[in-house]
Amino acid sequence: MNGDRIVAVRTYLDEERPPPQQEVPSDPPVHWLQGKVANPMTKYAEFRNNRSAAIGPLANERVLVEVESADGNVGYATTSGGLPTAAIVEHHLAYLVVGEHASAHSRIWDRMFNSTLLYGRKGLVLHAISAVDIAIWDLHGRITGLPVHALLGGKIRDAVRVYATGPEPSTARDLGFAGAKLPLTYAPCEGEAGFRANVEIAAQARAALPADFPIMYDCWMSLDVDYAARLAHAVAELGVAWIEEPLPPDDYAGLRRLRDRMPPAMRLATGEHEYTAKGFRLLCEAGVDVVQPDPAWCGGLTELLQISAVAQAFGVTVIPHVGGMPAYHYVATRPDGDLAEFPVLSHDGGTVTGQHAPLFSGEVLPVDGWITPNDEPGFGLTLDAAAPLRRALPAPG
């Protein structure tokens, strides 16, 4: 059968680019994620009040990758990184993929990863590999007429529990989510007043929620070991289930020290910005309780399966970071986990919107805190004919 051979790989950029950098938050902010959120650049005063400015206004520019087979089927995936990611896909990875069978996931992944070792292993190269890999899984499903969860071995559970990430914990409760994750506001450079404010924000969240409703704190790489350990103890009595990504991604020794100093009942979660099974093994060896690979960044769905195997061997829980439909198809097939993340991406953080909008329709949204992955071919998403896309690079020739 040659109809499943890949004949083309193309990239597009989302014309709905992130809004311009704001040095001073607007009132109200353009988006809650662009406001004051602690991050690795908070130490610089000019970036202290706006995370979008701190990480660059185009850092999260969305890239669409499409992979076409000889029989005319097309699989899709998205990732971040804008034009640099698209260039890696088309100028390096495409020639390794064209001519391969859409079912040859491990072979194609190995070709892409090993060919980019000289400048890859993490970062944008893995974003590019992830998007191509996920698009090929989508293509495989469309060719066979099967949902990806069937290609992964079949669903163990019909629905996946999701917790909400956003600024309004009451929204998570009201919509039936399994928990609420809050963004940390103040970094260590903002002193004792900032520390007390962080604790107070958690206390206010707890006061607005039932005593048994889980809350988590996302620290987004902004802390050091001493501050993170102190924060963990200060919010432990509030029933905070975990603190997430408190340290820089590669600080494995720091994670080990932090885990030893944290309250035993509180979990340490991280991995949003880690890559490949080798990287996640280092996190598991450091004593992390929850790893959070993002399918669109960590190496794609093929590598997520390897990450899952490593975590399972260490007895570590896998709860994917965001990921959309690929994450939910994956979680539905896993015997060792039933929880995933759902980001509340509306501007005010008060309503639920699709993660794949406006590019795709067909996305399954949570109902009472549960997402039921669909049974349509691939990931069940349909590209909107009016999607605001433009070719990332000139067509060859």
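This is a predicted model, so every value here is computed, not measured.
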Inset, instruction - Given salt bridge (charged side-chain N to carboxylate O under 4.0 Å, His left out), test Arg261 with Asp226 step by step and report yes or no. - result: CA-CA 9 Å; Arg261 293 173 59 179; Asp226 289 339; 2.7 Å; yes

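- Looking at Asp289 and Arg259, a side-chain N of the basic residue comes within less than 4.0 Å of a carboxylate O on the acidic one, giving a salt bridge.
- Distance CZ/Arg5 to OG/Ser69: 12.0 Å, rounded to 0.5 Å.
- By the 4.5 Å heavy-atom criterion applied to side chains, Leu268 and Leu258 are counted as neighbours.
- Residue-environment remark: OH (Tyr186) stays at or below the threshold of 12 foreign heavy atoms within 6.0 Å.
- In summary, Arg196 and Glu190 do not engage in a salt bridge, as defined by a charged side-chain N under 4.0 Å from a carboxylate O.
- Atom CD of Glu192 is surrounded by more than 12 heavy atoms from other residues, nucleotides or ligands within 6.0 Å.
- Phe342 and Tyr163 have their aromatic ring centers separated by at least 6.0 angstrom.
- Here Leu365 contributes atom CG and Leu175 contributes atom CG; the two are 11.0 Å apart, rounded to the nearest 0.5 Å.
- A donor and an acceptor atom, one from each side chain of Glu66 and Tyr12, are located under 3.5 Å apart.
- Judged purely by distance below 3.5 Å, without hydrogens or angles, the side chains of Thr270 and Glu245 never pair a donor atom with an acceptor atom.
- There is no side-chain donor-acceptor pair under 3.5 Å between Asp294 and Tyr275.
- Listed for the Asp133 side chain is a donor-acceptor partner under 3.5 Å among the backbone atoms of Leu301.
- The two atoms that bring Ala202 and Ile215 nearest to each other are O-CD1, 4.1 Å, heavy atoms only.
- For His321 and Gln292, the side-chain atoms include no donor-acceptor pair closer than 3.5 Å.
- For the pair Asp4 and Arg142, the salt-bridge criterion is not met [side-chain N within less than 4.0 Å of a carboxylate O].
- Tyr227 and Phe195 have perpendicular rings, their planes meeting at more than 60° on a 0 to 90° scale where under 30° would count as parallel.
- Within a 6.0 Å sphere centred on CZ of Arg48, heavy atoms belonging to other residues, nucleotides or ligands number more than 12.
- In terms of hydrophobic clustering, with Ile, Leu, Val, Met, Phe, Trp and Tyr side chains grouped at heavy-atom distances under 4.5 Å, Trp137 and Leu126 are assigned to different clusters.
- Panel note: side chain Ser130, backbone Gly300; a donor-acceptor pair is recorded below 3.5 Å.
- Contact check for His140 versus Leu151: side-chain heavy atoms found under the 4.5 Å cut-off.
- Ring geometry, His127 versus Trp297: the interplanar angle falls under 30°, so the pair is classed parallel (tilted spans 30 to 60°).
- A side-chain donor-acceptor contact under 3.5 Å links Glu341 and Thr165.
- Taking the side chain as every heavy atom from C-beta outward, His92 and Tyr119 approach each other to under 4.5 Å.
- Under a 3.5 Å cut-off, the side chain of Arg10 and the backbone N or O of Val65 do not form any donor-acceptor pair.
- No donor-acceptor pair under 3.5 Å is formed between the side chain of Arg161 and the backbone N or O of Leu339.
- Note that NE2 of His329 and NE2 of His149 are 5.5 Å apart. Values are rounded to the nearest 0.5 Å.
- Both Leu238 and Ile243 belong to a common hydrophobic cluster when Ile, Leu, Val, Met, Phe, Trp and Tyr are linked at side-chain heavy-atom distances under 4.5 angstrom.
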Legend entry - Pair Lys278-Glu303, salt bridge (charged side-chain N to carboxylate O under 4.0 Å, His left out): steps then yes or no: CA-CA 10 Å; Lys278 291 182 174 63; Glu303 190 64 4; over 6 Å; no

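- By the 30° and 60° cut-offs, the orientation of the rings of Phe360 relative to His356 is perpendicular.
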